[in-house]
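Everything below concerns the one structure shown next.
Keep in mind that the numbers below use all heavy atoms, side chains included, and drop hydrogens, waters and symmetry copies.
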Amino acid sequence: MKIHNAIAERMKELAEERNKTVTEIGKAGGLRQSTVSEIMQGRSQHPKVNTIQQYCNGCGISLAEFFSSELFKIAELPEKKKK
C-alpha cells in the first residue's frame, strides 16, 4: 500500500468512527471539499502535513493519533530519486 492510499484509508476510517463523511470532517477542520476529494481520489499523492493537521482538528485528534494506525506500518515509503 502506498503512503497516500494509507492516508486516504485512515481518513475514511476516522470518519466512519464518527459517523460522518470525510468531507464533513474536513470542513470541520477548515479544509475545502476539493482538497479532501483530491486526497480521496489519489490526485493529491503528497498532502501537506498542515492539511492532515486540519483533518485531525476536524476529528479532534493529534497528528500522532492519526499516524498511529496499523495502516502506516504496512505502507510503502516512496523511493528516493537517484541523482
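Identified under the salt bridge (charged side-chain N to carboxylate O under 4.0 Å, His left out) test for residues 1-16, with sequence neighbours left out: K2-E76, E9-K12, R10-E13. Residue pairs meeting the salt bridge (charged side-chain N to carboxylate O under 4.0 Å, His left out) criterion with at least one member in residues 48-71, sequence neighbours excluded, are E70-K73. Listed by first and then second residue, the salt bridge (charged side-chain N to carboxylate O under 4.0 Å, His left out) pairs involving residues 30-39 amount to none (not counting sequence neighbours).
The 12-atom threshold is not exceeded at CD of Q33, counting heavy atoms of other residues, nucleotides or ligands nearer than 6.0 Å.
A donor-acceptor pair is defined here as one N or O able to donate and one able to accept, closer than 3.5 Å; such a pair exists between the side chain of Y55 and the backbone of M11.
Taking all atoms of both residues into account, the shortest heavy-atom contact from S62 to C56 is O-SG, 3.8 Å. Here the shortest heavy-atom pairing between R18 and L14 reads NH1-O, 3.1 Å. V36 and G26 make their closest contact through CG2-CA, 4.1 Å (heavy atoms, listed as atom of the first residue, atom of the second, distance).
In this structure, the separation between CE on M40 and OG1 on T23 is 8.5 Å, given to the nearest 0.5 Å.
With sequence neighbours left out, Q53 forms a side chain to side chain donor-acceptor pair (under 3.5 Å) with N57. Residues passing the ring-ring contact (aromatic ring centres under 6.0 Å, His included) test with F72 are F66, F67, sequence neighbours excluded.
Side-chain atoms of I39 and T51, non-hydrogen and from C-beta on, do get closer than 4.5 Å to each other. Counting only heavy atoms from C-beta outward, the side chains of T35 and S44 never approach each other to under 4.5 Å. Side-chain contact between I52 and I7 is present, with at least one heavy-atom pair separated by less than 4.5 Å.
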